[in-house]
Amino acid sequence: MSEACIVAGWSDGGNGTAADRDRAHCGYGPLYRIFNGLLPATLLPALFAALLMTGIAGTKAVRADTVLLGLGDSLMAGYGLPDDSSFPAQLEAALRAQGKDVRVANAGVSGDTSTGGLARLDWALAEKPDAAIVEFGANDGLRGQPVDQLYANLDAILTRLKQEGIPVLLAGMHAPPNFGRDYAEAFHATYHRLAEKHGVVFYPFFLDGVATDPALNQPDGIHPNEQGVGVIVERILPKVEELLVRARNE
């Protein structure tokens with residue numbers, strides 16, 4: 001359990017689904033490295049061809065027209081929710097209902113900070129995304145991390161994605177009020193500064209319309225329930241559509 005989870009009652013190790021824990025270990029890169037250490041190089045192509053034939057690796061063979069990366073913390077991962085109720089799953093369903101062939105790759109890790117997100121960016125980019133939603137800051141704020149550190153981490157993430165030619169939707173976050181007004185204002189202003197600097201699509205507050213509403217949150221009062229995620233998807237959808245237009249024009 002992360003320190004942020006302890007501060008906020010965020011028990012990603014206690015109530016999170018098995019999928020929460022597994023997401024940090026998905027992808028074929030780690031699998032390939034394991035096999036690479038155990039088998040002669042001449043056998044690797046045949047092995048992965050066999051996996052493809054049996055369907056184990058075949059799920060990667062059929063690619064959606066657009067792959068949208070959801071990079072974030074437990075709010076992205078879907079903490080406490082079934083896989084099909086998470087933000088990436090509900091967003092993908094909403095986009096497909098509009099006739100868009102989009103796969104939303106869930107690269108959310110419960111308890112993660114912007115520092116952790118930056119550290120695992122290479123892993124997330126293995127998805128070869130066409131566009132990305134970046135959602136970090138809840139745990140930074142709960143820990144009272146320096147605003148300059150949040151800015152530097154997100155700036156590095158956005159810079160790397162720009163270098164890779166991946167358009168971004170940056171989702172902002174509010175800091176809890178217990179660290180004072182000055183901290184809260186500087187914290188939120190960080191996202192506006194970054195959005196202006198990098199020219200990304202910007203959604204100022206990821207939990208807009210959901211935060212503090214008991215009917216839309218799980219019992220911890222922090223993580224959205226299935227209905228709350230639905231509200232987030234409905235409100236952010238126009239910005240996601242704007243992002244997808246940029247992805248097509250890149």
Side-chain angles (χ1 to χ4, degrees), residues 12 16-39 41 43-79 83-84 86-89 91-92 95-96 100-136 139 153-171 198 200-201 240 243-244 246-248 250:
D12 52 320
T17 63
D20 290 334
R21 297 186 294 273
D22 292 343
R23 285 188 187 106
H25 305 289
C26 66
Y28 295 106
L31 180 62
Y32 189 92
R33 287 193 293 272
I34 292 171
F35 285 135
N36 191 40
L38 297 176
L39 297 175
L43 295 182
L44 287 173
L47 173 61
F48 275 84
L51 289 174
L52 182 61
M53 291 297 292
T54 58
I56 297 174
T59 56
K60 301 288 283 188
V62 179
R63 177 181 172 91
D65 284 346
T66 303
V67 175
L68 176 56
L69 181 70
L71 182 66
D73 49 36
S74 58
L75 300 176
M76 183 68 68
Y79 167 79
D83 286 348
D84 60 0
S86 68
F87 171 78
L91 177 60
E92 180 176 308
L95 292 169
R96 290 187 176 274
K100 295 180 173 65
D101 185 16
V102 178
R103 178 172 70 87
V104 183
N106 192 339
V109 173
S110 295
D112 220 351
T113 63
S114 61
T115 300
L118 176 58
R120 61 185 176 85
L121 185 56
D122 285 339
W123 164 76
L125 290 177
E127 290 283 353
K128 303 295 183 185
D130 300 291
I133 299 174
V134 175
E135 174 274 311
F136 286 109
N139 290 306
N153 289 332
L154 292 176
D155 185 45
I157 291 173
L158 297 179
T159 297
R160 173 68 187 283
L161 292 172
K162 184 185 297 184
Q163 291 171 345
E164 297 290 336
I166 300 170
V168 173
L169 189 165
L170 176 64
H198 291 277
V200 297
V201 180
V240 175
L243 175 67
L244 295 176
R246 291 195 183 190
R248 289 193 293 270
E250 284 292 322

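- Scanning both residues, Leu161 and Ala132, for their nearest heavy atoms gives CD1-CB, 4.2 Å.
- Of all heavy-atom pairs between Val67 and Ala105, the closest is CG1-CB, 4.5 Å.
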### Task
Starting from the C-alpha separation in whole Å, work towards a yes-or-no answer on side-chain hydrogen bond (donor to acceptor under 3.5 Å, both in side chains) for Thr113 and Asn139.
CA-CA 5 Å; Thr113 63; Asn139 290 306; over 6 Å; no

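- Taken to the nearest 0.5 Å, the CG atom of Leu169 stands 12.0 Å off from the CG atom of Leu69.
- Contact check for Leu125 versus Ile166: side-chain heavy atoms found under the 4.5 Å cut-off.
- Interatomic distance, Glu92 CD to Leu68 CG, rounded to the nearest 0.5 Å: 9.0 Å.
- Annotation for Asn153 and Ser114: closest pair ND2-OG, 3.0 Å, computed over non-hydrogen atoms.
- Here the shortest heavy-atom pairing between Trp123 and Ala107 reads CZ3-CB, 4.2 Å.
- Side-chain atoms of Asp101 come within 3.5 Å of backbone N or O of Asp65 as a donor-acceptor pair.
- Taking 4.5 Å as the limit, every side-chain heavy atom of Leu75 sits out of range of all side-chain heavy atoms of Phe87.
- Under the 4.5 Å side-chain criterion, counting only non-hydrogen atoms from C-beta, Arg120 is in contact with Leu71.
- A donor-acceptor contact shorter than 3.5 Å links the side chain of Asn106 to the backbone of Ala77.
- Put simply, OG1 on Thr159 and NE2 on His198 are 4.0 Å apart, with the number rounded to the nearest 0.5 Å.
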### Message
Test side chain to side chain contact (heavy atoms under 4.5 Å, CB included) on Asp122 and Arg160; report intermediate values, then the result.
### Response
CA-CA 10 Å; Asp122 285 339; Arg160 173 68 187 283; 2.6 Å; yes

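- Atom CD1 of residue Ile133 and atom CE of residue Met76 lie 5.5 Å apart, to the nearest 0.5 angstrom.
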